[in-house]
Amino acid sequence: ELHGSVTIVVLGASGDLAKKKTYPALFGLFRQGFLPKKTHIIGYARTKMTHEDYLDRITHSIKTTIHKDEDETNQLLDKFKSITSYQSGLYDQDDSWKALDKCISQSEHQRQIDIGKKHRVFYMALPPSVFVPVAKGLKKNVYSSEGMNRLVVEKPFGKDTQSSNELGRELSGLFKENEIYRIDHYLGKEMVKNVMMVRFANIFFNQIWDRKYIDNVQITFKETIGTEGRGGYFDQFGVIRDVMQNHLLQVLSLIAMERPISTESEDIRNEKVKVLKCIPPIVLEDALLGQYIGAHGKPGYLEDDTLINKQSRTPTFAALTLWIQNERWEGVPFIMKAGKALNDAKVEVRIQFRNVAGSLYKGSPRNELVLRVQPREAVYVKFNNKQPGLSYQTIQSDLDLTYDNRYTNLDIPDAYSSLLLDVLKGDHSNFVRNDELEQAWKIFTPLLHTIDDPSIKVPITTYPYGSRGPTELDQFIKKYGYDRANEN
Ligand code: BG6
């Protein structure tokens, strides 16, 4: 744990990620008293800005995320601003890094930080093209020899196995694995952090968590917004790299892994790696791909101004089925679905159990356990019950734990706040380990290469903006035995 003091450097401080996520998350921690007493936050980017401009920017980005008491927020913001400053510089020049180092040292001196406690956290809110030069510059010029160093990195971690391994090699030549924190912000979400608890603290789930009782698992990510304004970025990656290889696969591994020996980070990550090793690469037959077209006055993917390749075949929707070849899961399809520009914004895991064998109540719908990640966190079970009254009909109801109904004064932290606190504590549980990343890419790389190969032209269907996705989806899911009777 970083006791007492830290300097947090936000690299790429003038960018979108810093504005939307990093600063609001840091403020969230500050507001709740979770930042060490002697904290200083330094924004670093190429843009030249005065101190005032920088503070205005931070204020603006934080205010858009806070809806509580104005006066209190303003007072806290003033205090928060007093612990931050800005330094502009280049990403590939030693002189710039040396100036940053000097600025940190001065601040450490002013804060009277003891030797051995000059801890530095480097948060890279940067495009991937500068990950390596920045990490090099930091290691050479800004690395603290009198305290701990932590490097926080955001995806994309490469585009396939090879590029990810290359990046990994470069970074691991500079920072030790236990100094690197690879963020997958889904691991900071409340319901994702709850998966292990639901599985391992409840005897009735724990005992039926396998192929004997579970028919299929669906992990769904739906967004109502398209890629407007982000076409340049998105088109290089597509929906599979954007959210499936990382966010949804992380959720899958928590659902599917064996019980870790303890809740220590390495024990958890060992189990995640093991289960990923049991998943063969996804085959094209287990994939359904789509791209949205304009509808209801909304532009199609190809009509976006920020998109360069107007003939792009990048999928904005995908349904992919993964298989886990081990004793627990053989034959159980794990269906991931993810799409932009759909009819609904929702992320959930739906575990559908098998029909009750030899049931007296034939035809009653299957049980399901649903973990709703967002919006409105919930755990609920689809449960068969006698229709109250004189009837002997079965009806399906919910055993429902919707958080905002159940817990009063619910204050769920933003995923980034939760993860930044983990970084300060030195807890790696919710970060992606190097070998885990490698396994994740192995599952997706062959399929991605097939999709990217212009000579193959894999089929990509279209769907209208704001729809449920490609009409082929129902057929696709049915193929794996999912019974749609009890959706919702
Ligand atoms: C990001 C993707 O990693 O996750 C975005 O790049 C996506 O395309 C986002 O919209 C979803 O995150 P959240 O927290 O809004 O569900």
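For the numbers below, each heavy atom of this structure counts, side chains included, while hydrogens, waters and symmetry mates do not. First listed ligand is number 1; within each ligand, the first listed atom is number 1.
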field: K193 atom NZ: more than 12 heavy-atom contacts under 6.0 Å
entry: yes
Pairing of R241 and D452 as salt bridge, 4.0 angstrom limit: yes
K21/D16 ion pair, N-O < 4.0 Å: no
- prompt: Hey, are Y233 and T227 close enough side-chain-wise for a donor-acceptor pair under 3.5 Å?
  reply: no
- prompt: Heavy atom of Y186 under 4.0 Å from ligand 1?
  reply: yes
field: Under-4.0 Å salt bridge between E266 and R433
entry: yes
field: Single hit among L254, L276, I219, D184 for side-chain contact (heavy atoms from CB on, under 4.5 Å) with L249
entry: L276
- prompt: Can you list the atoms of ligand 1 that are under 4.0 Å from a heavy atom of K155?
  reply: 1 (C), 2 (C), 3 (O), 6 (O)
query: Heavy atoms only: which of K340, R241, K189, H185 is nearest to atom 12 (O) of ligand 1?
result: H185
task: Can you sort out which atoms of ligand 1 are near H247, meaning under 4.0 Å from one of its heavy atoms?
output: 1 (C), 3 (O), 4 (O)
message: Tell me whether V347 reaches ligand 1 (any heavy atom closer than 4.0 angstrom to a ligand atom).
response: no
message: Does ligand 1 come near enough to K21 that some N or O of the ligand is less than 3.5 Å from an N or O of the residue?
response: no
Straight-line distance of F221 CZ to E223 CD, nearest 0.5 Å: 3.5 Å
message: Within the 4.0 Å heavy-atom shell around E223, which atoms of ligand 1 are there?
response: 7 (C), 10 (O), 11 (C)
- request: Please could you name the atoms of ligand 1 that Q374 approaches to less than 4.0 Å, counting only its heavy atoms?
  value: 13 (P), 16 (O)
message: Give the atom numbers and elements of ligand 1 that come within less than 4.0 Å of a heavy atom of D242.
response: 2 (C), 5 (C), 6 (O), 8 (O)
